[in-house]
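These numbers come from a predicted model, not from an experiment. Only this structure's heavy atoms are used, side chains among them; waters, hydrogens and symmetry mates stay out. Proteins get letters first, then strands, A, B, ... in listed order; numbering begins at 1 in each.
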There are 2 protein chains.
Amino acid sequence: MEGALRDAGVRITRQRRVLLRVLAEAEDHPDANELHRRAHALDPGLSLATVYRTLSVLEEAGVIDRHAFEGKPARFETSDRPHHDHLIDLETGAVIEFRSEKIERLQAEIAAELGYDIVHHRLELYGRRRKGKAGGNTPR
Amino acid sequence: MEGALRDAGVRITRQRRVLLRVLAEAEDHPDANELHRRAHALDPGLSLATVYRTLSVLEEAGVIDRHAFEGKPARFETSDRPHHDHLIDLETGAVIEFRSEKIERLQAEIAAELGYDIVHHRLELYGRRRKGKAGGNTPR
DNA sequence: CTTCTTGTTGCAAATAGTTCTCAACTGCAT
DNA sequence: ATGCAGTTGAGAACTATTTGCAACAAGAAG
Ligand SMILES: [Mn+2]
Ligand SMILES: [Mn+2]
Ligand SMILES: [Zn+2]
Ligand SMILES: [Zn+2]
């Protein structure tokens with residue numbers, strides 16, 4: 001992963017290495033502040049400004065994705081996994097991932113009909129746990 | 001429309017009447033600043049703070065929708081027309097509306113499978129005009 | 001290994017968009 | 001006409017993020 005960056009002409013500094021690691025180990029969708037806090041453990045002195053700058057660099061290099069959910073500050077995640085969209089639990093703030101081949105396809109069709117090629121999109125569902133009987137988050 | 005607001009316990013002030021009118025006449029998706037500029041014509045002295053406050057009130061009353069497109073400031077539109085989503089032209093910034101019953105349905109299904117009820121969602125396509133041969137924005 | 005060039009960093013100050021504080025006002029129920 | 005809770009204008013405050021600048025360090029060159 002560092003190789004890919006180096007090839008893209010991105011210098012590998014101590015702070016970038018740390019952030020890459022923090023991002024790689026993250027299982028959630030941390031925001032800049034949280035990333036700064038986590039990185040702080042491995043490298044005190046790494047500034048928040050650098051976190052922001054590095055996130056922009058990594059985003060442009062295509063190794064991370066930035067999500068701006070309703071209101072809240074931007075959140076990040078590595079883009080090594082396949083594309084997916086998000087469902088946000090309005091009560092707990094939990095972020096649940098999902099992927100719908102059908103929706104992806106429909107989006108492309110719609111854009112095409114309008115004479116456009118999709119560069120990227122944003123699909124976010126905001127909801128609350130269904131109180132009713134069935135359904136349910138099938139535990140793995 | 002004012003009646004509905006009054007019933008919701010919202011006082012009808014001169015500035016709110018102006019903004020409601022500006023919003024009703026808008027055919028695009030203006031942001032707070034633009035709304036302020038337009039309202040200024042009908043009522044100089046109407047402050048930007050009031051524009052923001054009124055927009056929040058109207059949003060909560062459910063008479064307008066707020067859209068936060070990539071990066072740019074929030075944009076608004078009356079919610080009297082049926083629900084739709086947006087395609088943003090990355091080059092011109094143009095906002096094109098569309099509606100897909102299928103996608104709406106799929107979203108509900110996905111949420112249901114995850115054990116959720118959708119409160120609202122956000123679907124935005126960001127793209128560029130297709131250079132290729134066919135397709136195309138059928139002019140009306 | 002030393003040097004050199006240029007990208008990178010930390011800090012603080014700057015932005016942009018939006019919200020809040022507070023005293024002066026006003027819609028509107030009585 | 002009165003009274004008061006809700007609303008407004010002006011500006012300060014805020015939040016998230018960006019930027020200017022001088023010190024610093026990656027890594028190509030020698
Ligand atoms: Mn994700
Ligand atoms: Mn619209
Ligand atoms: Zn998607
Ligand atoms: Zn929709």
Test side-chain hydrogen bond (donor to acceptor under 3.5 Å, both in side chains) applied to A:H120 - qualifying residues, sequence neighbours left out: B:E70
Neighbours of DNA chain C within residues 59-72 of chain A, by heavy-atom distance under 4.0 Å: none
B:Y52 side chain near C:dT19 phosphate (N/O to OP1/OP2, under 4.0 Å): no
Under the side-chain hydrogen bond (donor to acceptor under 3.5 Å, both in side chains) test, residues paired with A:T13 that sit two or more places apart: none
Residues in salt bridge (charged side-chain N to carboxylate O under 4.0 Å, His left out) contact with B:R38, at least two apart in sequence or another chain: B:D28, B:E34
Sugar-phosphate only, base, or nothing, as touched by A:G45 at under 4.0 Å among non-hydrogen atoms: sugar-phosphate
pair B:R14-B:L46: side-chain heavy atoms closer than 4.5 Å: no
Selection residues 51-65 of chain A - residue pairs positive for side-chain hydrogen bond (donor to acceptor under 3.5 Å, both in side chains), sequence neighbours left out: A:E59-A:R66
Euclidean distance, atom CG of residue B:L48 to atom C1' of D:dT8 [Å, nearest integer]: 13 Å
4.5 Å side-chain heavy-atom contact, A:Y116 and B:I96: yes
Partners passing side chain to side chain contact (heavy atoms under 4.5 Å, CB included) against A:V119 (at least two apart in sequence or in another chain): B:L90, B:R128
A:R11 backbone acceptor or donor facing A:R16 side chain under 3.5 Å: yes
For DNA chain C, the residues among residues 24-40 of chain A that have a non-hydrogen atom under 4.0 Å from it: none
Could you tabulate the donor-acceptor pairs under 3.5 Å formed by side-chain atoms of residues 20-27 of chain B, not counting sequence neighbours?
residue: B:R21; atom: NE; partner: B:E25; partner atom: OE2; Å: 3.2

Distance test, side-chain N/O of A:S47 to OP1/OP2 of C:dT9, below 4.0 Å: no
Overall bend - the helix from C:dC1-D:dG30 to C:dT30-D:dA1, comparing terminal axes fitted on five pairs, nearest 10 degrees: 30°
Close side-chain approach of B:H83 and B:H121, heavy atoms under 4.5 Å: yes
Nucleotide C:dC28, atom P - distance to CZ of B:R16 in whole Å: 10 Å
Ion pair A:R75/A:D31, N-O distance below 4.0 Å: no
Pair listing, ring-ring contact (aromatic ring centres under 6.0 Å, His included) test, anchored in residues 86-108 of chain B, at least two apart: B:H29-B:H86, B:H67-B:H86, B:F69-B:H86, B:H84-B:H86
Length of the CG-P vector between B:L58 and D:dT7, whole Å: 11 Å
Look for any protein N or O under 3.5 Å of an N or O in nucleotides 21-28 of chain D and output each such pair with its distance, or none.
residue: D:dA26; atom: N3; partner: A:R11; partner atom: NH1; Å: 3.2
residue: D:dG27; atom: OP1; partner: A:I12; partner atom: N; Å: 3.2

Qualifying salt bridge (charged side-chain N to carboxylate O under 4.0 Å, His left out) pairs, either residue in residues 101-112 of chain B, two or more places apart: B:R99-B:E101
B:S56 or A:P44, whichever maps to the more 5' nucleotide of DNA chain C: A:P44
